[in-house]
Participant: 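So that we are looking at the same thing, I have put the structure below in structure tokens.
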Amino acid sequence: MGGLPAFESDTEWLRGEGAACDVVMSSRVRLARNLAGIPFAPKMSDDDREEVLERSRAQILAGGVHPKVMWIDLRQISPLERSVLVERQLISGQLASGKAFGHSGGGRGAGEKRARGVAVGLPDERLSIMVNEEDHLRIQVIRSGLGLAQALEEVVRADDALEAGLDYAFGARFGYLTCCPTNVGTGARFSVMMHLPGLRLTGEIEKVKRAADDMGLAVRGFHGEGSETTGDLYQLSNQTTLGKSERVLLSEIEREIVPRVADYERHARRVLTERRREVLEDQVHRAIGTGLHARLLATGEAMAVLSAVRLGAVLGVVEGIDQSAVNALMLAVQPAHLQRVLGRELNQQERKGERATLVRERLARALGAG
Amino acid sequence: MMCSRCGEREATIHEVVIDSDGERAEEHLCEVCAQEAGVNSNVQVPIAQLISSFVVAEPGSEPEPARARPGGSCSSCGLTYGDFRKTGLLGCESCYDAFADRLTPLLQRAHEGGTHHVGRSPARGAGVKTIGASEAAARVAQLRRQLAEAVRNERYERAAQLQREIDGIETIRGDGGTGS
């Protein structure tokens, strides 16, 4: 694959390090910003989009935002390469497709040509800045484990560096003005990706979802809004952005909510190890069996296998698992990464076969049996 | 759940469609049928749908909210309130002023009663105070009322949350938000 350079490290959100990493995969803070004096996405002309892209690119590359940045014009890479960026959580699916935000007309495929880009901080890919998403700028920092405070600090630094050369749309009453009023105010979205297999096995996951809902949090799947849950990964994020400062939002989610959900999950895992050991062992070993022997695996199925293996490793059901290899597999089984690893495009059926082969080989190695 | 078109594959894309009459219909599609139907599997629309469903469902605005309240359009970008209702997206920064009256209750509902920004502000707009003392006081008073009500209804989690928010405003007043 041509346009996209090789990434220098494992993606941050799968490193499996940091606070509470038995339950929390990663933390992300995202700021929505728009440039003053230029219409928002639904009313932007092609020239407006070019201008936003160019001004943002210049400011990002002027230095000060991040020591080493890779700039990618998303019109110049293939759909498959864009999907790789989506799977690495560096861009949204919407930015990848260029699908219109509140636009009408243009027909299918019109999004392809829309001016849009992303800047990725290297080598760790913690920082990414999407340009011409729903808002002109979406600045995000991802940290492994529970690390919203560090992520906020980093994202604020990038925001300040951008703002040094760009005028933001801002009003005293509503704060940072965003295309969708659900983001107005701080424009800040705090999300935590949690691995909650214990709560699913004990049948309590729905309860947690309801509780989160009561607390004004959104619970979403792996790829954010509108996505399905896969591999027992859930994204918790704040829905309120107006009327609470970044620090209040941060403390609510990081100090109050996440630890509580993490404790529920740990309690569920304890119940499983102490009282329902057989069920737990059965689940983990069945998953290993599937992983080691299946000949066709859909993404969701592969993720379910890896989720159970990860749980088995954390709880010591299986000894000596190379956890980082399991984490890396969670990314490698995603459709675009699978094709990237194999170096060619595959249809859905071929992907299932190749995915199963990949899981078989790598899981055997991770289990020390290869 | 199986795909509602082909009935063969597992549905992975769940679409809620709200038509111009405010009718809500759900469609559950597999990846293949979704692609054929031109639905992007990576779309993140639900927020917009949420907003539009929630504007449509706004109590007191029925039966014909749009026509009953012809609200004109934003003088800066030309977006009409009807456009906003369809997509949940605004056209430019001036839309916040143009539709302030109608946005306020909506924002309050979407942001747990929040009506004014608290937190960081652009350094270049130095002198822009994110929240004036009187606004902060009004917000705290409003939160205290909500707190009392939450306690009355024995919603202690909500009460604790409100208390934190009050504390937050009170600490933030004076120092302007997250330091960098």
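Remember, predicted model here, so these are calculated numbers, not experimental data. Order of the sequence lines sets the chain letters (A, B, ...), proteins ahead of strands, with each chain counted from 1.
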Participant: Looking at side-chain heavy atoms only, is the closest gap between A:P42 and B:F84 below 4.5 Å?
Facilitator: no
Participant: Is B:Y96 close to A:T178 at the side-chain level, that is, under 4.5 Å between some pair of heavy atoms?
Facilitator: yes
Participant: What part of A:R260 lies closer than 4.5 angstrom to a heavy atom of chain B: side chain, backbone, both or neither?
Facilitator: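 Side chain only.
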Participant: Is it the backbone or the side chain of B:L79 that comes under 4.5 Å from a heavy atom of chain A, or both, or neither?
Facilitator: both
Participant: Between A:A36 and chain B, which part of the residue has a heavy atom less than 4.5 Å away: side chain, backbone, both or neither?
Facilitator: both
Participant: Pick from B:T104, B:D83, B:L103: which one has the most heavy-atom pairs with chain A under 4.5 Å?
Facilitator: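 The answer is B:T104.
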Participant: With rounding to the nearest 0.5 Å, note down the distance linking SG in A:C180 to CG in B:L89.
Facilitator: 5.5 Å
Participant: Can you tell which part of A:L35 gets under 4.5 Å to a heavy atom of chain B, answering side chain, backbone, both or neither?
Facilitator: backbone
Participant: Indicate yes or no: does A:D160 engage B:R120 in a salt bridge with an N to O separation below 4.0 Å.
Facilitator: yes
Participant: Nearest heavy-atom pair of B:P122 and A:E163: which atoms, and what distance?
Facilitator: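 Shortest heavy-atom separation between B:P122 and A:E163 comes out as CB-OE2, 3.2 Å.
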Participant: Taking the side chain as every heavy atom from C-beta outward, state whether B:E112 and A:Q239 have any atom pair closer than 4.5 Å.
Facilitator: no
Participant: Quick one: closest heavy-atom pair of A:F170 and B:S121, and the distance?
Facilitator: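 Minimum heavy-atom contact is CZ-CB, 3.4 Å.
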Participant: How long is the straight-line distance from SG of B:C92 back to CG of A:N34, given to the nearest 0.5 Å?
Facilitator: 10.5 Å
Participant: Going by ring pair (Phe, Tyr, Trp, His ring centres under 6.0 Å), name the residues that satisfy it together with A:F40, two or more places apart in sequence or in a different chain.
Facilitator: none
Participant: Indicate yes or no for a side-chain donor-acceptor contact from A:E246 to the backbone of B:G119 under 3.5 Å, with no hydrogens or angles considered.
Facilitator: no
Participant: Does any N or O in the side chain of B:H117 come within less than 3.5 Å of the main-chain N or O of A:G175, such that one atom is a donor and the other an acceptor?
Facilitator: no
Participant: For A:A149, which residues count as a side-chain contact (heavy atoms from CB on, under 4.5 Å) partner, sequence neighbours excluded?
Facilitator: A:L250, A:E254
Participant: Hey, what do you get for OG (B:S94) to NZ (A:K43), rounding to the nearest 0.5 Å?
Facilitator: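 Answer for the OG-NZ pair, B:S94 versus A:K43, is 13.0 Å.
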Participant: Do the side chain of B:H111 and the main chain of A:T241 share a donor and acceptor less than 3.5 angstrom apart?
Facilitator: yes
Participant: Might you point out which heavy atoms bring B:L107 and A:V184 nearest each other, and give the distance in Å?
Facilitator: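 Closest heavy-atom pair between B:L107 and A:V184: CD2-CG1, 3.7 Å.
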